[in-house]
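Below is one structure, written out as structure tokens; comments come after it.
The structure displayed is predicted, hence computed values, not measured ones.
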Amino acid sequence: MAFFTVSSSLLGTVFVIRALGELDYQNSPILRVEMDKAWAAETPSMVVADVAGLTFCDSTGVAELILALRRSRALGIRLALVGVHGTLERILTITGLRTSFEVFTSVEEALQKI
């Protein structure tokens, strides 16, 4: 199994999720569980997914991020991606999905845009 960890914290009213390692078909359910915690939190003003630590992301990982985007829109909660790079950046750009997400270079930058 590929290395993957995910953690979360609440910074004021912002729920921050940090993902490290390979986001693939084996590990995307782990991210989903953490995202569910964000949606269950007392109405965060924003959910920030810090993906700067991802070393790989396949189509299943991208699908998980799209699912999170749909859920955030349904709940009226902003979702931002932080540190998009490498394979994930290429996939989001090629598919035209990059403009669907709010994208920031750092968590601090995202927090300034609340």
Side-chain angles (χ1 to χ4, degrees):
M1 181 181 278
F3 168 78
F4 184 75
T5 62
V6 65
S7 61
S8 60
S9 59
L10 192 60
L11 299 175
T13 63
V14 178
F15 201 93
V16 179
I17 297 171
R18 288 187 170 83
L20 303 168
E22 297 185 10
L23 180 55
D24 58 15
Y25 74 97
Q26 291 177 332
N27 296 323
S28 62
I30 298 168
L31 179 62
R32 184 176 301 158
V33 168
E34 209 64 29
M35 293 299 289
D36 285 344
K37 291 179 187 177
W39 310 132
E42 284 193 34
T43 316
S45 60
M46 176 188 266
V47 174
V48 174
D50 184 349
V51 296
L54 290 183
T55 56
F56 176 77
C57 183
D58 70 4
S59 59
T60 309
V62 173
E64 197 62 44
L65 294 174
I66 293 168
L67 179 66
L69 179 62
R70 287 181 178 159
R71 191 150 182 206
S72 73
R73 288 180 175 171
L75 295 171
I77 300 170
R78 291 173 58 201
L79 173 66
L81 298 181
V82 167
V84 176
H85 68 284
T87 305
L88 178 57
E89 182 172 28
R90 284 191 300 278
I91 292 170
L92 293 179
T93 301
I94 289 168
T95 60
L97 289 168
R98 194 169 197 286
T99 57
S100 297
F101 290 93
E102 286 188 70
V103 179
F104 299 100
T105 57
S106 67
V107 173
E108 294 74 23
E109 181 186 8
L111 292 174
Q112 292 174 359
K113 304 295 181 176
I114 298 177

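Between F15 and I77, the closest side-chain pair of non-hydrogen atoms is not below 4.5 Å. Between V16 and V82 there is no side-chain heavy-atom pair separated by less than 4.5 Å. With contacts defined as side-chain heavy-atom distances shorter than 4.5 Å, the pair S45/V14 qualifies. Between L54 and F4 the shortest side-chain heavy-atom distance falls below 4.5 Å. A 4.5 Å side-chain heavy-atom check between S100 and R73 finds at least one atom pair inside the cut-off.
Scanning all heavy atoms of the two residues, the minimum distance from P44 to A38 falls at CG-O, 3.6 Å. Between E102 and M46, the closest heavy-atom pair is OE1-CE, 4.3 Å. Nearest approach of S72 to L79, heavy atoms of both residues: OG-CB, 3.6 Å. Of all heavy-atom pairs spanning S28 and L23, the tightest one is CA-CD1, 3.7 Å. Smallest separation of non-hydrogen atoms from C57 and T87: O-CG2, 3.4 Å. Here the closest heavy-atom approach between residue A68 and residue W39 is recorded as O-CZ2, 3.5 Å.
Atom CD1 of I91 sits about 7.5 Å away from atom CG of D58, to the nearest 0.5 Å. Between I94 atom CD1 and E89 atom CD the span is 10.5 Å, to the nearest 0.5 Å. Once rounded to the nearest 0.5 Å, the distance linking CG of L31 with CG of D24 reads 11.5 Å. Taken to the nearest 0.5 Å, the NE2 atom of H85 stands 7.5 Å off from the OG1 atom of T55. Atoms CZ and CG, from F104 and L111 in turn, are 9.5 Å apart once rounded to the nearest 0.5 Å. The distance from atom CG of L97 to atom CG of L69, rounded to the nearest 0.5 Å, is 8.5 Å.
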Please assess M35 against R71 for the test side chain to side chain contact (heavy atoms under 4.5 Å, CB included), listing each intermediate value before the final yes or no.
CA-CA 10 Å; M35 293 299 289; R71 191 150 182 206; over 6 Å; no
Residue pair L81, L92: steps toward the side chain to side chain contact (heavy atoms under 4.5 Å, CB included) verdict
CA-CA 11 Å; L81 298 181; L92 293 179; 4.0 Å; yes
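Under a hydrophobic-cluster definition in which Ile, Leu, Val, Met, Phe, Trp and Tyr are linked whenever side-chain heavy atoms come within less than 4.5 Å, directly or via other members, L10 and V48 are assigned to different clusters. There is no path of hydrophobic side-chain contacts, each under 4.5 Å, that joins F56 to V6. Under the 4.5 Å side-chain heavy-atom criterion for ILVMFWY residues, a single connected hydrophobic cluster contains both I17 and V103.
Exactly one of I66, L67, T60 qualifies for a side chain to side chain contact (heavy atoms under 4.5 Å, CB included) with E64. That residue is L67.
Side chain of S8 to backbone of E34: no donor-acceptor contact under 3.5 angstrom is found.
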